[in-house]
Asker: 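Can you read through this structure? Questions will come right after.
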Amino acid sequence: MSVADLLALEGVAVGDKVRLQGWVRTRRDSKAGLSFVQVHDGSCFDPAQVVAPGELENYTDAVVHLTTGCSMIAEGTVVASEGKGQSVEVLASRIEPVGMVEDPDTYPVPAKRHTFEYLREQAHLRVRTNSFSAMARVRHCLANAVHRYFHEHGFYWVHTPIITGSDCEGAGEMFRVSALDLENLPRTESGGIDYSQDFFGKETNLTVSGQLNVESYCLALSKVYTFGPTFRAENSNTSRHLAEFWMIEPEIAFADLAADADLAEDFLKSIFRTLLNERADDMEFFQKRIDKTCLERLEKFVDASFERMDYTEAIARLEKVVADGHKFEFPVKWGMDLQSEHERWLTEEHIGRPVVLMNYPKDIKAFYMRMNDDGKTVAAMDVLVPGIGEIIGGSQREERLDVLDARLEEMNLDKADYWWYRDLRKYGTVPHAGFGLGFERTLIYATGMANVRDVIPFPRTPRSAAF
RNA sequence: UCCAGAGUAGCUCAAUGGUAGAGCAUGCGACUGUUAAUCGCAGGGUUGAAGGUUCGAGUCCUUCCUCUGGAGCCA
């Protein structure tokens with residue numbers, strides 16, 4: 001049975017015979033011949049305490065040599081615990097070591113404190129620690145909550161491609177996908193690489209966003225979303241960026257920017273509510289050991305309404321606070337992109353709640369965002385949250401072909417590259433909107449973890465893909 | 001990519017230019033049910049790499065590598 005069921009007394013009672021399988025967290029010996037073995041199996045935060053009496057036939061040969069990381073099977077009786085840390089424990093009648101740790105002296109994750117930096121170098125074993133097993137369960141819970149929310153609200157999950165033939169997704173540097181022999185590249189007559197001989201007969205890359213593809217499904221299925229890995233070959237070395245990360249991108253038809261903002265707010269609150277309800281054990285750990293404010297932050301988040309504010313208004317308020325003597329490193333001026341420090345001031349100090357900033361200057365935003373009537377701004381939005389800054393970026397999409405074409409031209413983009421995207425505006429176009437949410441940043445916000453590399457099992461960053 | 005900091009025992013860190021140490025972990029021992037157990041003993045080092053200065057370099061200089069934090073890019 002699982003440790004979770006045992007500790008919750010689910011389908012089991014004191015006096016029952018049980019069998020546990022898992023890994024040793026610690027072994028403590030007491031007087032001559034009695035050991036306490038903490039066993040974890042991933043089913044919940046707490047390990048189970050297995051009491052190994054000295055009378056076990058393999059006690060001196062095997063049990064006292066169990067060390068952190070060994071795998072084992074324990075059979076025994078559920079008893080009320082005489083100790084303080086747990087209500088029930090298993091009094092073992094048989095302990096079977098399955099896989100020993102060959103050299104405890106060099107086991108990379110012994111029972112002691114480790115820095116996250118060190119554990120990143122032991123990514124294959126770090127999930128055996130409290131922090132990373134808790135994170136794995138929280139990650140699963142939130143991913144599951146994402147799918148449940150959309151399913152219950154009539155959205156379809158669309159599997160947009162990982163390999164893309166569009167070189168026009170426009171969200172950053174891409175990883176090339178090629179089956180060509182790098183040591184012996186085929187050349188065109190003019191000396192360039194001849195991609196017509198490559199696997200797909202053209203240049204292909206890993207996707208940086210499923211948005212363009214999901215828009216096509218939106219204009220037939222009305223409410224859709226993607227949730228999968230995306231790839232950016234940017235040389236970003238920060239605690240908030242990965243080369244491979246998971247992104248959630250809903251897209252809704254017959255919808256404007258206000259509806260998009262409403263969806264973002266309802267969605268975020270819903271998944272965090274699910275997390276608080278379903279992973280209280282792991283969240284208690286994050287609260288206690290990682291970030292003392294994370295529970296309070298989430299509880300406030302699911303109750304507070306998001307402030308909505310136009311970019312132009314935000315600039316006015318930033319200019320006012322600067323005039324009142326507040327110092328920023330970067331100047332504030334209409335038309336500029338907000339810096340991290342500006343976003344954080346708005347959401348943390350000025351409003352004190354999540355803020356949806358809307359209607360940005362067109363010159364700092366992407367070609368597909370819908371032009372507003374003022375001719376200066378586009379229907380874009382960013383959701384800013386205290387403690388992390390931007391967590392969502394979204395927009396109403398430009399559904400008018402003539403306006404879209406004008407924007408493509410203005411930004412020196414080739415209309416031919418966007419032929420199928422433009423078709424969507426020729427055949428039954430509708431106003432539609434969507435946003436992108438970085439899943440790892442959501443996890444950081446929820447748990448208070450400081451680095452995005454510690455919320456994904458095997459992080460990919462510049463110069464690092466060791467596992 | 002830019003700015004700053006760091007790299008010494010398995011891990012976390014000390015060490016004024018002059019004999020490389022501690023805590024934790026690990027092993028052994030002690031301890032009447034432990035909970036980050038406690039106490040004692042022990043083993044454990046090419047000080048990131050290559051050059052240079054010096055009687056002498058973990059320490060100073062140069063170059064490089066790696067990591068961390070911040071910025072930019074963004075999610």
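Within every chain, numbering begins at 1; the chains are lettered A, B, ... in the order of the sequence lines, protein sequences first and strands thereafter. When reading the values below, keep in mind they use all heavy atoms of this one structure, side chains included, and skip hydrogens, waters and symmetry mates.
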Asker: Please confirm whether the shortest side-chain N or O distance from A/Arg463 to OP1 or OP2 of B/C67 is below 4.0 Å.
Answerer: yes

Asker: To the nearest Å, how far apart are A/His241 NE2 and B/U68 P?
Answerer: 15 Å

Asker: With respect to the side chain of A/Asp337, which nucleotide from B/U68, B/C74, B/A25 is positioned closest?
Answerer: B/C74

Asker: Please tell me which of the listed nucleotides, B/G27, B/G72, B/C73, lies nearest to the side chain of A/Pro104?
Answerer: B/G27

Asker: Expressed as a whole number of Å, how far does the C1' atom of B/U46 sit from that of B/G7?
Answerer: 15 Å

Asker: Is the number of heavy atoms from other residues, nucleotides or ligands under 6.0 Å of A/Glu284 CD greater than 12?
Answerer: no

Asker: Once the angle between the rings of A/Phe155 and A/Phe150 is folded into 0 to 90°, is it parallel (under 30°), tilted (30 to 60°) or perpendicular (over 60°)?
Answerer: tilted

Asker: Scan for ring pair (Phe, Tyr, Trp, His ring centres under 6.0 Å) pairs involving residues 69-89 of chain A, sequence neighbours excluded, and state none if there are none.
Answerer: none

Asker: Hey, is the side chain of A/Glu82 pairing donor to acceptor with the base of B/U34 inside 3.5 Å?
Answerer: no

Asker: Rounded to whole angstrom, note down the P distance from B/G44 over to B/G21.
Answerer: 13 Å

Asker: Taking only the C1' atom of each, what is the distance from B/G5 to B/G18 in whole angstrom?
Answerer: 28 Å

Asker: Using heavy atoms to find the nearest nucleotide of RNA chain B for A/Ala243 and A/Glu329 separately, return the residue whose nucleotide is more 5′.
Answerer: A/Glu329

Asker: Taking any heavy-atom pair under 4.0 Å as a contact, classify A/Arg289: base, sugar-phosphate, or nothing.
Answerer: nothing

Asker: Under a 3.5 Å cutoff, is there a donor and acceptor pairing between the side chains of A/Arg463 and A/Thr461?
Answerer: no

Asker: Show me the dot-bracket string of RNA chain B, counting Watson-Crick or G-U pairs under 3.5 Å, with | for pairs to another strand and [ ] for crossing ones.
Answerer: (((((((..((((....[..)))).(((((.......))))).....(((((..]....))))))))))))....

Asker: Counting the atoms with a prime plus P, OP1 and OP2 as sugar-phosphate, which does A/Gly438 contact under 4.0 Å by heavy atoms, base, sugar-phosphate, or nothing?
Answerer: sugar-phosphate

Asker: Base, sugar-phosphate, or nothing for A/Glu89, non-hydrogen atoms under 4.0 angstrom?
Answerer: base

Asker: I'd like a table of donor-acceptor pairs (distance under 3.5 Å, sequence neighbours excluded) in which one partner is a side-chain atom from residues 115-122 of chain A, with atom names and distances.
Answerer:
from     : atom 1 : to       : atom 2 : distance (Å)
A/Thr115 : OG1    : A/Tyr118 : N      : 3.1
A/Tyr118 : OH     : A/Pro108 : O      : 2.8
A/Arg120 : NE     : A/Asp454 : OD1    : 2.9
A/Arg120 : NH2    : A/Asp454 : OD2    : 2.7

Asker: Assess whether atom CZ of A/Phe175 is packed by more than 12 heavy atoms of other residues, nucleotides or ligands within 6.0 Å.
Answerer: yes

Asker: Scan A/Ser236 against the nucleic acid and name what it touches under 4.0 Å (heavy atoms): base, sugar-phosphate only, or nothing.
Answerer: base

Asker: Taking only the P atom of each, what is the distance from B/U35 to B/G17 in whole angstrom?
Answerer: 44 Å

Asker: Would you say A/Arg28 places a side-chain N or O within less than 4.0 Å of OP1 or OP2 belonging to B/U35?
Answerer: no

Asker: Do any of residues 110-125 of chain A sit with a heavy atom less than 4.0 Å from RNA chain B, and if so which?
Answerer: A/Pro110, A/Ala111, A/Lys112, A/Thr115, A/Glu117, A/Tyr118, A/Arg120

Asker: By the 4.0 Å heavy-atom rule, please label A/Ser239 as base, sugar-phosphate, or nothing.
Answerer: sugar-phosphate

Asker: Does anything in residues 257-267 of chain A form a salt bridge (Lys or Arg N to Asp or Glu O under 4.0 Å)? List the pairs, not counting sequence neighbours.
Answerer: A/Asp262-A/Arg308, A/Glu265-A/Lys269, A/Glu265-A/Arg308

Asker: Measure from the ring center of A/Phe330 to the ring center of A/His342 and say whether it is less than 6.0 Å.
Answerer: no

Asker: According to a strict under-4.0 Å criterion, is A/Arg240 in side-chain N/O contact with OP1 or OP2 of B/C73?
Answerer: no

Asker: Which is true for A/Ile248 with a 4.0 Å heavy-atom rule: it touches a base, it touches only sugar-phosphate, or it touches nothing?
Answerer: nothing

Asker: What about A/Gln86, does its side chain sit under 3.5 Å from the base of B/U34 through a donor-acceptor pair?
Answerer: yes

Asker: Would you indicate what A/Thr67 reaches in the nucleic acid, counting non-hydrogen atoms under 4.0 angstrom: base, sugar-phosphate, or nothing?
Answerer: sugar-phosphate

Asker: Roughly how far apart, to the nearest Å, are B/A20 and B/A30 at atom C1'?
Answerer: 32 Å

Asker: In terms of the angle between their ring planes, are A/Trp157 and A/His159 parallel, tilted or perpendicular, with boundaries placed at 30° and 60°?
Answerer: perpendicular

Asker: Nearest of B/A71, B/U1, B/C74 to any side-chain atom of A/Phe330?
Answerer: B/A71

Asker: Considering only the C1' atoms, how many Å lie between B/U8 and B/A49, rounded to the nearest integer?
Answerer: 15 Å

Asker: How far, in whole Å, is B/G51 from B/U59 if one measures between their P atoms?
Answerer: 14 Å

Asker: Is it the case that the ring center of A/Tyr445 lies less than 6.0 angstrom away from the ring center of A/Phe301?
Answerer: yes

Asker: Using the P atom in both, what is the distance from B/U26 to B/C11, to the nearest Å?
Answerer: 15 Å

Asker: Please classify the nucleic acid contact of A/Gln339 as base, sugar-phosphate, or nothing, using heavy-atom distances under 4.0 Å.
Answerer: sugar-phosphate

Asker: Quick check on B/G69: is either OP1 or OP2 less than 4.0 Å from any side-chain nitrogen or oxygen of A/Asn237?
Answerer: no

Asker: Taking the nucleotide of RNA chain B with the closest heavy atom to each, which residue, A/Asp382 or A/Ala450, is nearer the 5' end?
Answerer: A/Ala450

Asker: Between B/U1, B/A71, B/U26, spot the one nearest the side chain of A/Ser340, thanks.
Answerer: B/A71

Asker: Please list, chain by chain and in numerical order, all residues satisfying side-chain contact (heavy atoms from CB on, under 4.5 Å) with A/Thr26, sequence neighbours excluded.
Answerer: A/Arg28, A/Gln38, A/Ala111

Asker: In this structure, is the centre-to-centre distance between the rings of A/Phe439 and A/Phe227 below 6.0 Å?
Answerer: yes

